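Accompanying notes for the structure given below.
Numbering of residues begins at 1 and proceeds along the displayed sequence. Quick caveat: nothing in here was measured; it's all calculated off a predicted structure. For the numbers below, each heavy atom of this structure counts, side chains included, while hydrogens, waters and symmetry mates do not. Both ligands and their constituent atoms are indexed starting at 1 by order of listing.
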Amino acid sequence: MVIESMSNASTVMGGVLRQSHDSVDLRMRRCLEHQVSATDAAAVLSAMRTTVDQVLDPGSLDGVGFDGPKFCSYPPGGYFRAHNDRSEDPADPGVVRGRQFSVVCLLNDDDPSDQLPAFDGGVLVIHAPLGDGRREPRNIAMRAGSVAVFAADLLHEVRPVRGGIRYSAIGWLFQKTPAHQEPHQG
Ligand SMILES: O=C(O)CCC(=O)C(=O)O
Ligand SMILES: [Fe+2]
């Protein structure tokens, strides 16, 4: 299963994209990215596709490509501070500037009674704009296998993990442009 192969996979510290360079910035993000097999990636991708097809109307997927999924683990003390996934920086790749939707699949949860490793904390929070300049934090309730789809320009964060390891996968639906037909690597 995916978590098992993530545990055996090679990892790098999760970076933050700036001017088309991924760099580790522990003020923003503390987690690991894992290389998993194509078979494991395909299983998660298919769960993501199922939800995307349920929640988005097919017309909104014209000319849209998928980048990912990326597999991340958040150890105790791990987090991803408030950010949005769509870059406005012309120096960044088109697949990142063109992100329309973020798709998150949570791979485990806080339930100690199943076979999966459990974690505490690590809630995905969306800071929804109220329209008057204020934002309201909304905890996204997810279980292992839940898929969340949200607009890539919405502010969101992963709250610090208090115990155990939180495993998740993330991908993005991006608007293809003639110059940027293919997802970049990494
Ligand atoms: O793991 C998650 O719930 C979301 C991670 C995230 O926001 C990101 O990788 O951009
Ligand atoms: Fe994000």
Side-chain angles (χ1 to χ4, degrees), residues 2-3 6-7 9 11-18 20-36 40-41 44-45 47-48 51-52 55 65-89 92-93 95-111 116-129 135 137-174 183-186:
V2 182
I3 290 179
M6 283 176 76
S7 315
T11 59
V12 292
M13 288 289 292
V16 181
L17 186 67
R18 285 209 189 91
S20 89
H21 293 290
D22 242 349
S23 48
V24 173
D25 178 354
L26 294 179
R27 285 167 306 180
M28 275 306 294
R29 185 182 187 207
R30 181 188 289 275
C31 67
L32 294 172
E33 289 184 9
H34 301 241
Q35 209 69 50
V36 307
D40 286 318
V44 170
L45 185 57
M48 288 176 161
T51 301
V52 164
V55 302
F66 188 84
D67 184 17
K70 262 187 183 178
F71 291 82
C72 303
S73 67
Y74 295 76
Y79 51 78
F80 198 157
R81 304 253 190 253
H83 67 282
N84 73 65
D85 290 350
R86 183 193 302 168
S87 168
E88 307 273 328
D89 186 339
D92 285 339
V95 290
V96 181
R97 281 185 288 124
R99 284 176 179 170
Q100 305 291 304
F101 293 97
S102 301
V103 185
V104 173
C105 181
L106 191 66
L107 301 172
N108 63 335
D109 57 32
D110 60 5
D111 181 359
L116 300 169
F119 66 91
D120 277 322
V123 178
L124 175 63
V125 178
I126 304 254
H127 296 273
R135 290 175 183 278
R138 293 194 186 141
N139 290 4
I140 308 302
M142 296 175 83
R143 312 299 318 167
S146 293
V147 175
V149 180
F150 54 90
D153 61 351
L154 265 184
L155 197 66
H156 59 281
E157 69 177 306
V158 177
R159 300 290 298 147
V161 170
R162 289 190 297 264
I165 303 177
R166 174 190 194 270
Y167 293 91
S168 64
I170 179 146
W172 298 274
L173 294 163
F174 68 97
H184 73 127
Q185 295 304 306

For H156, what is the atom name of its N, O or S atom nearest to the Fe ion (ligand 2)? NE2

Rounded to the nearest 0.5 angstrom, the CG-CD1 distance for L106 and I140 is 12.0 Å

Taking both backbone and side chain into account, is any N, O or S atom of E157 nearer than 2.8 Å to the Fe ion (ligand 2)? no

Checking N84 now: which residues fulfil side chain to side chain contact (heavy atoms under 4.5 Å, CB included) with it, not counting sequence neighbours? R86

Where the Fe ion (ligand 2) is the vertex, angle from D85 OD1 to H83 NE2 to 10°: 90°

Do H156 and H127 have side-chain atoms, one donor and one acceptor, less than 3.5 Å apart? no

If only atom types and distance count, is the side chain of R143 paired as donor or acceptor with the main-chain N or O of D109 below 3.5 Å? no

Do side-chain atoms of Q100 reach the backbone of G98 as a donor and acceptor pair under 3.5 angstrom? yes

May I have a table of the N/O to N/O pairs between ligand 1 and the protein that fall below 3.5 Å, each row giving the two atom names and the distance to 0.1 Å?
residue: ligand 1; atom: 1 (O); partner: R166; partner atom: NH1; Å: 2.8
residue: ligand 1; atom: 1 (O); partner: S168; partner atom: OG; Å: 2.7
residue: ligand 1; atom: 3 (O); partner: R166; partner atom: NH1; Å: 3.4
residue: ligand 1; atom: 3 (O); partner: R166; partner atom: NH2; Å: 2.7
residue: ligand 1; atom: 7 (O); partner: H83; partner atom: NE2; Å: 3.2
residue: ligand 1; atom: 7 (O); partner: H156; partner atom: NE2; Å: 3.0
residue: ligand 1; atom: 10 (O); partner: H83; partner atom: NE2; Å: 3.2
residue: ligand 1; atom: 10 (O); partner: D85; partner atom: OD1; Å: 3.2

About how many Å separate CZ of R18 and OG of S23, when rounded to the nearest 0.5 Å? 5.5 Å

With rounding to the nearest 0.5 angstrom, report the CG to OH distance, L116 to Y167. 10.5 Å

